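Inspection log for the structure reproduced underneath, given as structure tokens.
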There are 2 protein chains.
Amino acid sequence: MDADKVFKALADPTRRRLLDMLCEKNGQTLGQLCDHLDMARQSATQHLGILEAANLVSTVRHGREKLHFINPVPLHDVYERWVKKFEHRRLSLLHDLKQELEGE
Amino acid sequence: MDADKVFKALADPTRRRLLDMLCEKNGQTLGQLCDHLDMARQSATQHLGILEAANLVSTVRHGREKLHFINPVPLHDVYERWVKKFEHRRLSLLHDLKQELEGE
DNA sequence: ATAATATGCAGGTAAATACCTGCATGTCAA
DNA sequence: TTGACATGCAGGTATTTACCTGCATATTAT
């Protein structure tokens, strides 16, 4: 997993919206996805390209249509690498700050 | 939680590195954190400001020093909102793509 | 075949981003 | 109190990003 690509892909609200749309209904075409966005088709294409480069979305050509599918694996990897680690130490990390605020 | 701020904060490798450093040793000063980065102090300050604005880091002044503490809560929120959802449907989402690739 | 449809590709621009330098302020210690 | 140290603040620049318009290509349906 290229963590940088995944995080950068997730940094844009339009791209998070696209993932949400695909989660609602997987395998949508570019056109279908565009219909729910307030921007030119070409802009959406770029966003989908970034999601695909991050491996968050896989595509399949179906005649003249391009179907988009979510790939949940990178998100799971993000969890494993980034959230779980801090999650595990969650209480102790908060404890550090609390102690500092209380003046040791 | 301001999801956009959190995701944008996580989108930069330097900022992820800073979070890692604080996870290793919580409550470090600006100077300590800078020592491990290959950039000017002022640049690091900006990164830490972004992390603080996203509520991923909290700070406490201690005389002339500024101590930085991780706040793991937003990361947990990201998990709840973004990862868990896709995680739950992980297998079914992959199934969609597999079926499409196999020609229905 | 041809028209309508779905997508691809090539630039072009304005705003955001990640750096930097230079100087100011505040705190500690001798 | 004065010098050293830790951080704050104000710009300035080069790159990246998120849009756009215009045109090309490929597929389906009449």
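Because only heavy atoms are used, hydrogens play no part in the values below, and waters and symmetry mates are left out as well, while side chains stay in. Treat the numbers as computed from the prediction; the structure is a model and nothing was measured. To find a chain, count down the sequence lines: A is the first, B the second, and so on, and within it residues start at 1.
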Inset, instruction - Taking ring-ring contact (aromatic ring centres under 6.0 Å, His included) as the test, write out the residues that go with A/Phe7, two or more places apart. - result: A/Trp82
Inset, instruction - Just jot down the salt bridge (charged side-chain N to carboxylate O under 4.0 Å, His left out) partners of A/Lys5, sequence neighbours excluded, or say none. - result: none
Inset, instruction - Give every residue pair that meets the side chain to side chain donor-acceptor pair (under 3.5 Å) criterion with at least one member in residues 48-58 of chain B, sequence neighbours excluded. - result: B/Glu52-B/Thr59
Inset, instruction - Write out all pairs satisfying salt bridge (Lys or Arg N to Asp or Glu O under 4.0 Å) with one or both partners inside residues 16-33 of chain A, taking only residues at least two apart or from two chains. - result: A/Arg16-B/Asp4, A/Asp20-B/Arg81, A/Asp20-B/Lys85
Inset, instruction - Give the B/S/- string for nucleotides 3-9 of chain C, one per nucleotide from 5' to 3', where a protein heavy atom under 4.0 Å of the base yields B, of only the sugar-phosphate yields S, and otherwise -. - result: -BBSBBB
Legend entry - For A/Leu75, side-chain contact (heavy atoms from CB on, under 4.5 Å) partners two or more places apart: A/Leu10, A/Leu56, B/Phe86
Inset, instruction - Applying salt bridge (charged side-chain N to carboxylate O under 4.0 Å, His left out), name anything that partners B/Glu65, two or more places apart in sequence or on another chain. - result: none
Inset, instruction - Sequence neighbours left out, what passes side-chain hydrogen bond (donor to acceptor under 3.5 Å, both in side chains) with A/Asp35? Give chain and number order. - result: none
Inset, instruction - Go through the structure and list residues passing side-chain hydrogen bond (donor to acceptor under 3.5 Å, both in side chains) with A/Asn71, not counting sequence neighbours. - result: none
Inset, instruction - Rounded to the nearest angstrom, tell me the gap between atom CG in A/Asp4 and atom C1' in D/dT16. - result: 13 Å
Inset, instruction - For B/Phe69, check ring-ring contact (aromatic ring centres under 6.0 Å, His included) against everything at least two apart and list the hits. - result: none
Inset, instruction - Please assess A/His62 against B/Glu100 for the test side chain to side chain donor-acceptor pair (under 3.5 Å), listing each intermediate value before the final yes or no. - result: CA-CA 9 Å; A/His62 223 255; B/Glu100 188 62 37; 2.9 Å; yes
List every contact pair, protein side and nucleotides 16-19 of chain C side both N or O, where the distance is under 3.5 Å.
residue, atom, partner, partner atom, Å
C/dA18, OP1, B/Asp12, OD2, 3.2
C/dA18, OP1, B/Arg15, NH2, 3.4
C/dA18, OP2, B/Arg15, NH1, 3.3
C/dC19, OP2, B/His47, NE2, 2.4
C/dC19, N4, B/Gln46, OE1, 3.2
C/dC19, N4, B/Gln46, NE2, 3.3

Inset, instruction - Starting from the first five and the last five pairs of the helix from C/dA1-D/dT30 to C/dA30-D/dT1, work out the angle between the resulting helix axes, to 10 degrees. - result: 20°
